[in-house]
Amino acid sequence: MEHAVKPHKRVRRWDKWTPYLFISPWIIGILLFTVGPLIFSLIMSFFDWPVTSSPKFIGLGNYTKMFTEDPQFYKSLLITLKFALFYVPLSLVTSLILAMLISQSVRGVKFFRTIFYLPAVVSGVAVSIIWGWIFNTKYGILNYALSLLGIEGPKWLIDPNSAIITIVIASAWGVGTMMLIFYTNIKSIPPDLYESASIDGAGPIRQFTHVTLPLITPTIFFNLITSTISALQQLTLVLLLTNGGPLKSTYFYGLFVYNNAFKHHKLGYASANAWFMFIIILLLTALIFKSSNAWVFYENEVKKERKKGGKKK
């Protein structure tokens, strides 16, 4: 009898470990390629770590230098925040408009869904080549189109006043993923709500502001966080389009960290720069989470409140 019970217990014990066995490649990967490098970069930030010689422990020296001796730190941080201030609202509004368009039941809408999403799967190098050609001052297609209308096109990537706006436009082109997330949420809204609003006399604009917009606030919340993080980490486009110019008007914080690490070979200092941006992202994300109580609408919570209100009555 004992011999019959023991195998059964062993099988049940192995059943508990089976799920962990299946997700073990992911756990090993995240420990080796995410958590490990993250901890190692934190350790590096306390060292003077040149590539050509051995590291030397300097404590908070890199952080002190960053805040007191490097004026480019503040300039690049300000440029990045300025970029995020333009990029985040533009990307949210653009992706929401596109999502509303592709959610309409019209002929050929599947073709436009594909076209609008394609930029999201194009590599950053290819995107930079495309926009570099479009914004070229001499032979760019955009300035050529403006010349046909008798308008002299601006020096998009050469003028310091227009360079950062150019980067914003190029970055906002790849909003396909955000558009798809908005589209999925919009299509999940029950049609009965729109029918009820239409019976009550609400037009398309009022239906959007009173039905669609409140119900997609969780998606707006998610896209707001992800777009803020991507804006603060922008590197590929600015590296390939302007390389920080002209006159360092597009010298983003990501480029600042990249140059410190791979151009000036100051790995410890670059790690300290990266960790400061990590803290900035954490604080901004926490601020967005804190504000979500005032403007994010969760249908389940409202249903619970209605039930409580009904019981009180």
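Scope of the values below: all heavy atoms of this structure, side chains included, with no hydrogens, waters or symmetry mates. Position 1 is the first residue of the sequence, and the numbers go up from there.
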Asker: Between F33 and W26 (judged by ring centroids, cut-off 6.0 Å), do the two rings come close enough to count as a pair?
Answerer: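 No - the distance between ring centres of F33 and W26 does not fall below the 6.0 Å cut-off.
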
Asker: Does I58 reach the side chain of F46, with side-chain heavy atoms less than 4.5 Å apart?
Answerer: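 SC-SC contact between I58 and F46 ruled out.
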
Asker: Assess the side chains of Y63 and S45: does a donor N or O sit below 3.5 Å from an acceptor N or O?
Answerer: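 Yes.
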
Asker: Tell me, do L101 and I97 make a side-chain contact under 4.5 Å, heavy atoms counted?
Answerer: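 Yes; the side chains approach each other to less than 4.5 Å.
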
Asker: Is it the case that the side chain of N143 and the backbone of K138 share a donor-acceptor pair, with hydrogens and angles ignored and the cut-off at 3.5 Å?
Answerer: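 No, N143 side chain to K138 backbone: no donor-acceptor pair under 3.5 Å.
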
Asker: Starting from V125, can I reach F135 by hopping between I/L/V/M/F/W/Y residues whose side chains sit under 4.5 Å apart?
Answerer: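 No, separate clusters.
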
Asker: Verify, without hydrogens or angle tests, whether T34 (side chain) and L31 (backbone) share a donor-acceptor contact under 3.5 angstrom.
Answerer: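 Side chain of T34 to backbone of L31: no pair is present.
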
Asker: In terms of ring plane angle, is the pair F67 and Y74 parallel, tilted or perpendicular, where the classes change at 30° and 60°?
Answerer: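 Ring orientation of F67 relative to Y74: tilted.
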
Asker: Of all heavy-atom pairs between Q233 and I281, which one has the smallest distance, and what is that distance?
Answerer: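 Nearest pair, atom of Q233 first, then I281: NE2-CD1, 3.8 Å.
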
Asker: Heavy atoms, side chains only, cut-off 4.5 Å: are S249 and N161 in contact?
Answerer: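 S249 vs N161: side chains apart.
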
Asker: Quick one: does T250's side chain have a donor or acceptor within less than 3.5 Å of a partner on A163's backbone?
Answerer: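 Not a single qualifying donor-acceptor pair exists.
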
Asker: Are L193 and L215 side-chain neighbours, meaning at least one heavy-atom pair lies under 4.5 Å?
Answerer: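 Yes, close enough: below the 4.5 Å cut-off.
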
Asker: Indicate, with yes or no, if L81 and M277 share a hydrophobic cluster defined by side-chain heavy-atom contacts under 4.5 Å among Ile, Leu, Val, Met, Phe, Trp and Tyr.
Answerer: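 Yes, it is one cluster - the side chains of M277 and L81 are joined through contacts under 4.5 Å.
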
Asker: Check whether any side-chain heavy atom of P50 lies under 4.5 Å from a side-chain heavy atom of K266, and answer yes or no.
Answerer: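 No - every pair of side-chain heavy atoms lies 4.5 Å or more apart.
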
Asker: Please confirm whether the backbone N or O of S230 pairs with a side-chain atom of Q234, one donor and one acceptor, at under 3.5 Å?
Answerer: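 Absent.
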
Asker: Can you name the closest pair of heavy atoms from S128 and L241 and give their distance?
Answerer: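 Residues S128 and L241, closest heavy atoms: O-CD2, 3.2 Å.
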
Asker: List the steps and the verdict of ring pair (Phe, Tyr, Trp, His ring centres under 6.0 Å) for F289 and W295.
Answerer: CA-CA 10 Å; F289 265 96; W295 59 274; over 10 Å; no

Asker: For Y251 and N243, which I'm curious about, is there any donor-acceptor pair between the side chains at under 3.5 Å?
Answerer: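 Side chains of Y251 and N243: no pair found under 3.5 Å.
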
Asker: Just checking F252 against F83, ring centres under 6.0 Å apart?
Answerer: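 Ring centroids of F252 and F83 are less than 6.0 Å from each other.
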
Asker: Looking at V88, L96, T94, which hits side-chain contact (heavy atoms from CB on, under 4.5 Å) with L92?
Answerer: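 Filter result, single survivor: V88.
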
Asker: Are V35 and I43 in one and the same hydrophobic cluster, where Ile, Leu, Val, Met, Phe, Trp and Tyr link if side-chain heavy atoms are under 4.5 Å apart?
Answerer: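 In one cluster: yes.
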
Asker: Parallel, tilted or perpendicular, judged at 30° and 60°: which one describes the rings of F276 and F73?
Answerer: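 F276 vs F73 ring planes: perpendicular.
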
Asker: Is atom CD1 of I205 surrounded by more than 12 heavy atoms (other residues, nucleotides or ligands) closer than 6.0 Å?
Answerer: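 Open.
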
Asker: May I ask you to decide if I186's main-chain N or O and S103's side chain share a donor-acceptor pair within less than 3.5 Å?
Answerer: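 Checking the backbone N and O of I186 against the side chain of S103, no donor-acceptor pair under 3.5 Å is found.
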
Asker: So, the side chain of S198 versus the backbone of Y194: is there a donor-acceptor pair under 3.5 Å, distance only?
Answerer: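 Between the backbone of Y194 and the side chain of S198 there is no qualifying donor-acceptor contact (under 3.5 Å).
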
Asker: If only atom types and distance count, is the side chain of D159 paired as donor or acceptor with the main-chain N or O of P154 below 3.5 Å?
Answerer: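 The answer is no, because no donor-acceptor pair under 3.5 Å joins these two groups.
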
Asker: Parallel, tilted or perpendicular, judged at 30° and 60°: which one describes the rings of Y269 and F256?
Answerer: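 Y269 vs F256 ring planes: perpendicular.
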
Asker: Taking the side chain as everything from C-beta on, heavy atoms only, tell me whether T285 gets closer than 4.5 Å to T228.
Answerer: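 No; the side chains remain at least 4.5 Å from each other.
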
Asker: Between the main-chain N or O of N273 and the side-chain N or O of Y253, is there a donor-acceptor pair closer than 3.5 Å?
Answerer: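 Answer holds: yes.
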
Asker: What do the steps show when you test W275 against S41 for side-chain hydrogen bond (donor to acceptor under 3.5 Å, both in side chains), and what is the final call?
Answerer: CA-CA 8 Å; W275 267 93; S41 68; 2.9 Å; yes

Asker: Tell me yes or no: between the side chains of N136 and W156, is some donor less than 3.5 Å from an acceptor?
Answerer: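 Side chains of N136 and W156: no pair found under 3.5 Å.
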
Asker: In terms of hydrophobic clusters joined by side-chain contacts under 4.5 Å, are L255 and V168 together?
Answerer: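 In one cluster with L255: V168, yes.
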
Asker: Taking side chain as C-beta onward, heavy atoms only, is Y117 less than 4.5 Å from T177?
Answerer: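 Of all side-chain heavy-atom pairs linking T177 with Y117, at least one is under 4.5 Å.
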
Asker: S271 and M44: which non-hydrogen atoms are nearest, and at how many Å?
Answerer: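 Looking at all heavy atoms of both residues, the shortest contact is OG-CB, 3.6 Å.
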
Asker: Quick check: do K155 and S162 have side-chain heavy atoms less than 4.5 Å from each other?
Answerer: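 When only atoms from C-beta onward are counted, S162 and K155 do not touch, as no gap falls below 4.5 Å.
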
